[in-house]
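This report concerns only the one structure given below.
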Amino acid sequence: MAVGRNPSGTGRSVLLTLIGAALGTLVGFGLEKYGIFAPFLRPAVIDVPSHTYLDFFFLSLSFGFRLSITIATILGALGGYLMSRKV
């Protein structure tokens, strides 16, 4: 790191937000397994199928992803973001 430069908190904020989302998802799966708050822990799925193509003359790219979000994931990400702002 260069002398005299303050490190940016953006990377730390993104990392802690993703860690919080992952932990929130794990807690949500655990609560759903025991039936606690089960109606609130059903995932909302955003799906872009893998047969979405971007085709150039020399290159063909295929895109696809599936995002499954629950309330626990959102709360975990929010907790991670707030934690990154306090640190």
Side-chain angles (χ1 to χ4, degrees):
M1 185 183 321
V3 177
R5 289 185 60 195
N6 293 332
S8 173
T10 304
R12 183 182 58 203
S13 295
V14 168
L15 183 65
L16 284 175
T17 301
L18 291 175
I19 290 171
L23 289 175
T25 301
L26 288 175
V27 169
F29 281 141
L31 291 175
E32 185 181 19
K33 193 175 201 179
Y34 293 110
I36 303 171
F37 303 117
F40 298 109
L41 296 174
R42 299 209 196 291
V45 177
I46 301 170
D47 191 16
V48 175
S50 62
H51 57 270
T52 304
Y53 292 102
L54 181 60
D55 193 9
F56 296 109
F57 292 112
F58 58 92
L59 178 67
S60 178
L61 300 172
S62 173
F63 298 99
F65 66 90
R66 182 180 179 116
L67 185 63
S68 179
I69 298 176
T70 64
I71 295 294
T73 305
I74 294 170
L75 290 177
L78 183 63
Y81 178 75
L82 292 176
M83 183 181 281
S84 73
R85 289 292 155 208
K86 291 194 182 240
V87 173

Could you see if [X] belongs to whatever hydrophobic cluster contains [Y]? Use Ile, Leu, Val, Met, Phe, Trp, Tyr and a side-chain cutoff under 4.5 Å.
| X | Y | answer |
| --- | --- | --- |
| Leu54 | Leu59 | yes |
| Ile46 | Phe63 | no |
| Leu23 | Leu15 | yes |

Next item on the list: Check Leu41 against Gly28 and note the closest heavy-atom contact, atom names and distance.
Entry: CD1-O, 3.4 Å

Check: At their closest point, which heavy atom of Thr70 faces which heavy atom of Pro43, and how far apart are they?
Finding: CG2-CA, 3.7 Å

Check: How long is the span from the CG atom in Leu78 to the CD1 atom in Ile71, to the nearest 0.5 Å?
Finding: 11.5 Å

Notebook entry, point to check: What pairs meet the side-chain hydrogen bond (donor to acceptor under 3.5 Å, both in side chains) rule with one or both residues in residues 58-68, with sequence neighbours excluded?
Noted result: none

Notebook entry, point to check: Tell me, which pairs form a side-chain hydrogen bond (donor to acceptor under 3.5 Å, both in side chains) where one or both residues lie in residues 16-43, sequence neighbours left out?
Noted result: Thr25-Thr73

Checklist line | Neighbour count above 12 (heavy atom, 6.0 Å) for Phe29 CZ | finding: no

